[in-house]
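This report refers to the structure that appears directly beneath it.
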Amino acid sequence: MNPIFALIDCNSFFVSCEKVFQPHLEGQPVIVLSSNDGCAIARSNEAKALGIQMGAPLFKIQNILRKNRVKVFSSNFSLYGDMSARVMETLKTFSPSLEVYSIDEAFLDLSSLREEELFSYGSQIRKIVKLWTGIPVSIGMGSTKTLAKVANHIAKKHPFGCYVLTKLEDIEEVLRTFPLQEVWGIGRQWSKKLSYVGLRTAWDLAQADIDWIRKTFNLSLARTALELKGLPCSNIEGLVSSKKSIISSRSFGKSVKSFEDLQEAISFHASKVAQKLRQQKSVTALLNVFIRTNPFHAEGAYYTNSCIVPLIFPSQDTAVLIKAARAGLEKIFNKGLDYKKVGVMALSLASEDQIPVSIFQNSKDLLKRQTLLKTLDKLNGQFGRDSLFFASEGVHKTWCSKVSLKSPSFTQDWTQLPRVR
DNA sequence: TCTGGGGTCCTAGGACCC
DNA sequence: TCTGGGGTCCTAGGACCC
C-alpha cells in the first residue's frame with residue numbers, strides 16, 4: 001500500500017470566516033489585519049488581484065484600499081479559532097488519521113484509497129466542508145507531506161480546487177518549474193544559498209545527492225530532498241503534542257513610556273501565559289521577559305532587552321508568574337524610552353503532575369491556590385475571557401493594541417448572533 | 001502617524017564529566 | 001611533564017512555518 005497524504009488548506013481563511021457571517025462580502029475585495037491593525041494577513045482573491053501583498057503594512061496600502069473600497073477587518077481570533085475547530089471536526093469524518101497542522105491546514109492519511117479514487121474523494125471532502133462550515137478549501141495529495149504541499153499550491157489555482165500528484169511523469173513536470181523558495185521548509189535564505197550551488201527548482205533538489213546535501217547543508221534539507229523524491233520522512237501526527245514554550249506578547253497601540261504602564265502590560269501577559277499553562281496542564285520553571293522600542297523608528301537608538309527569571313518552584317499560578325515577570329521587568333527597564341512592545345515567554349515546561357511537591361511548600365496552601373485558579377478559569381470560560389482578572393493587569397489598559405474594525409463575536413456571544421432578515 | 005503573534009527545529013560552541 | 005576521546009547538557013542565534 002503506497003502512502004498518500006492529503007493536505008487540506010482553507011482558502012483565504014480569515015477572510016472566508018468573515019464571509020460566512022456576512023455573505024454580502026462575496027465577490028468583494030476584503031482583507032483582515034494583523035493584531036494592532038498593523039498589516040494585511042489575509043486577503044480575498046479580489047484583494048490579491050489589486051496587488052495587496054501578504055504582510056503589507058496598512059499605511060502603505062491605504063490608497064489602494066480607499067480607491068477600490070476594500071472591506072477591512074481587524075482580526076477576530078476567537079471567531080477564527082471556532083471556525084477552525086468546525087472544519088477539523090468535519091475533516092475527521094473522512095479519515096481516522098488527521099493531523100491539525102495550523103489554524104487553517106490539516107493533513108489526512110488517505111493511504112487506504114485506490115489511486116483512481118483520490119480525486120473524487122478530494123472533491124467530496126471539499127463539497128462537504130463547504131456545506132457544513134461555509135469554508136472553501138483546496139486539497140493537494142502526494143506520497144509525502146512535502147509533495148502534498150506542492151500539489152496544494154497547484155490546487156489553489158486549479159478550477160477544481162483539488163490536485164493529485166502521484167504519477168512520476170506529473171511529478172517531474174511540476175517540480176521542474178517549481179521554485180525552491182516555494183517548497184515547504186525552504187525559505188528565502190535557503191533558496192539563495194542553494195542557488196549559489198546551482199539548485200533552483202524543486203526538481204534540482206530532488207535529483208541532488210542526499211549525502212552531499214546532508215554534509216554541505218543540514219539534515220532538515222536532506223529530509224526535504226528525500227520527500228521531494230517521494231520518500232516519506234514524516235508521518236501523520238495524530239496526537240496534539242503539548243507546547244514546549246508559551247508566549248504572550250503584543251505591540252502597543254501607542255508607544256509607552258511609563259514604568260507603571262509597562263508593569264500592567266507585563267502582568268497582563270504573565271496572566272495570559274499562566275492561563276495557557278493551566279489549559280495544557282503544564283507548569284513552567286523559567287520566564288523570559290522582553291521589552292523593546294520601535295525598530296522602525298529612525299530617531300532614537302533601538303533598544304531591546306530580555307531577562308530570564310527562574311522560578312523557585314515550577315508553577316502555573318497567575319500570581320507567581322506576575323510577581324516573577326515584574327521582577328524581570330525591573331532589571332531591563334530603561335527610563336526615558338518609548339516602548340513599542342513587551343511580552344512574557346514561559347520556557348522549561350513540564351506536565352503539572354510530574355512535579356513533586358517540595359517540602360518547602362505548604363500543600364494545604366497549594367490546594368487552596370489551585371481551587372482559586374480553577375474557579376477563575378471557570379468563571380472566565382462562562383462569562384467571557386477577562387471577566388475576572390488580577391488588578392495588577394490594569395483596569396483601563398491604556399496601552400492596549402488598536403482593534404478598530406473587528407467583526408462581532410458571531411459564534412461566541414448570544415447578543416451578537418448574526419441576524420437574518 | 002502607521003510595520004503581527006506564536007511557534008518549532010537545528011547548529012555551533014562552551015562547560016563539564018569520565 | 002606530557003597526553004585523549006567521547007559524551008551530555010545548556011544557551012544563543014538563525015531559519016523556517018502559519
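Keep in mind that this is a model prediction, so the values were computed, not measured. Just so we're on the same page: letters track the sequence lines, and every chain starts at 1. Atoms considered below: every heavy atom in the structure, side chains included; atoms not considered: hydrogens, waters and symmetry mates.
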Quickly work out the [X] [atom1] to [N] [atom2] distance and round it to whole Å.
{"X": "A:Lys341", "N": "B:dG4", "atom1": "NZ", "atom2": "P", "result": "7 Å"}
{"X": "A:Phe59", "N": "B:dT3", "atom1": "CZ", "atom2": "P", "result": "7 Å"}
{"X": "A:Ile41", "N": "B:dG5", "atom1": "CD1", "atom2": "C1'", "result": "9 Å"}
{"X": "A:Asn36", "N": "B:dT3", "atom1": "CG", "atom2": "C1'", "result": "10 Å"}
{"X": "A:Gln275", "N": "B:dG6", "atom1": "CD", "atom2": "P", "result": "13 Å"}
{"X": "A:Lys402", "N": "B:dG5", "atom1": "NZ", "atom2": "C1'", "result": "16 Å"}
{"X": "A:Gln53", "N": "B:dG4", "atom1": "CD", "atom2": "P", "result": "16 Å"}
{"X": "A:Phe13", "N": "B:dG5", "atom1": "CZ", "atom2": "C1'", "result": "16 Å"}

Would you tell me if any nitrogen or oxygen in the side chain of A:Ser251 comes within less than 4.0 Å of OP1 or OP2 on B:dG5? yes
Phosphate contact (B:dT3 OP1 or OP2) by A:Lys340 side-chain N/O below 4.0 Å: yes
Quick check: on DNA chain B, is the nucleotide nearest A:Arg223 upstream (toward 5') of the one nearest A:Gly253, or the reverse? Name the residue that is more 5'. A:Gly253
A:Arg250 or A:Phe217: which one's nearest nucleotide on DNA chain B is closer to the 5' end? A:Arg250
Show me, range against range, the stems involving DNA chain C, built from at least 3 consecutive Watson-Crick or G-U pairs below 3.5 Å. B:5-18 with C:5-18
Looking for any heavy atom pair under 4.0 Å, which part of the strands does [X] touch: base, sugar-phosphate only, or nothing?
{"X": "A:Lys243", "value": "sugar-phosphate"}
{"X": "A:Leu33", "value": "nothing"}
{"X": "A:Leu58", "value": "nothing"}
{"X": "A:Ser401", "value": "nothing"}
{"X": "A:Asn218", "value": "sugar-phosphate"}

Let me have the donor-acceptor pairs involving side chains of residues 396-403 of chain A, under 3.5 Å, with sequence neighbours excluded, atom names and distances please.
{"from": "A:Lys397", "atom 1": "NZ", "to": "A:Gly394", "atom 2": "O", "distance (Å)": "3.0"}
{"from": "A:Trp399", "atom 1": "NE1", "to": "A:Glu264", "atom 2": "OE1", "distance (Å)": "2.9"}
{"from": "A:Ser401", "atom 1": "OG", "to": "A:Ser251", "atom 2": "O", "distance (Å)": "2.9"}

Scoring nucleotides 7-18 of chain C by protein non-hydrogen atoms under 4.0 Å (B base, S sugar-phosphate only, - none) yields --------SSSS
From C-beta outward on A:Lys276, which listed nucleotide comes closest to its side chain: B:dG6, B:dG4, B:dC2? B:dG6
Name all residues meeting the side chain to side chain donor-acceptor pair (under 3.5 Å) criterion together with A:Lys145; count only those two or more places apart in sequence or in a different chain, and write none if there are none. A:Glu99, A:Ser234
Which residues share a side chain to side chain donor-acceptor pair (under 3.5 Å) with A:Tyr121, sequence neighbours left out: none
Could you go through the side-chain contact (heavy atoms from CB on, under 4.5 Å) check for A:Thr201 and A:Thr177 one step at a time? CA-CA 6 Å; A:Thr201 67; A:Thr177 56; over 6 Å; no
Hydrogens and angles aside, do [X] and [Y] bring a side-chain donor and acceptor to less than 3.5 Å of each other?
{"X": "A:Glu393", "Y": "A:Ser267", "result": "no"}
{"X": "A:Asp82", "Y": "A:Thr411", "result": "yes"}
{"X": "A:Asn11", "Y": "A:Ser138", "result": "yes"}

How are the rings of A:Trp184 and A:Phe107 set relative to one another: parallel (under 30°), tilted (30 to 60°) or perpendicular (over 60°)? tilted
With rounding to whole Å, what would you report as the distance between C:dC18 and B:dT3 at their P atoms? 24 Å
Quick one: do A:Lys149 and A:Glu105 satisfy salt bridge (charged side-chain N to carboxylate O under 4.0 Å, His left out)? Show the steps, please. CA-CA 10 Å; A:Lys149 275 267 189 185; A:Glu105 277 174 76; 2.6 Å; yes
Those residues that, when tested against A:Arg369, pass salt bridge (Lys or Arg N to Asp or Glu O under 4.0 Å) (two or more places apart): A:Asp317
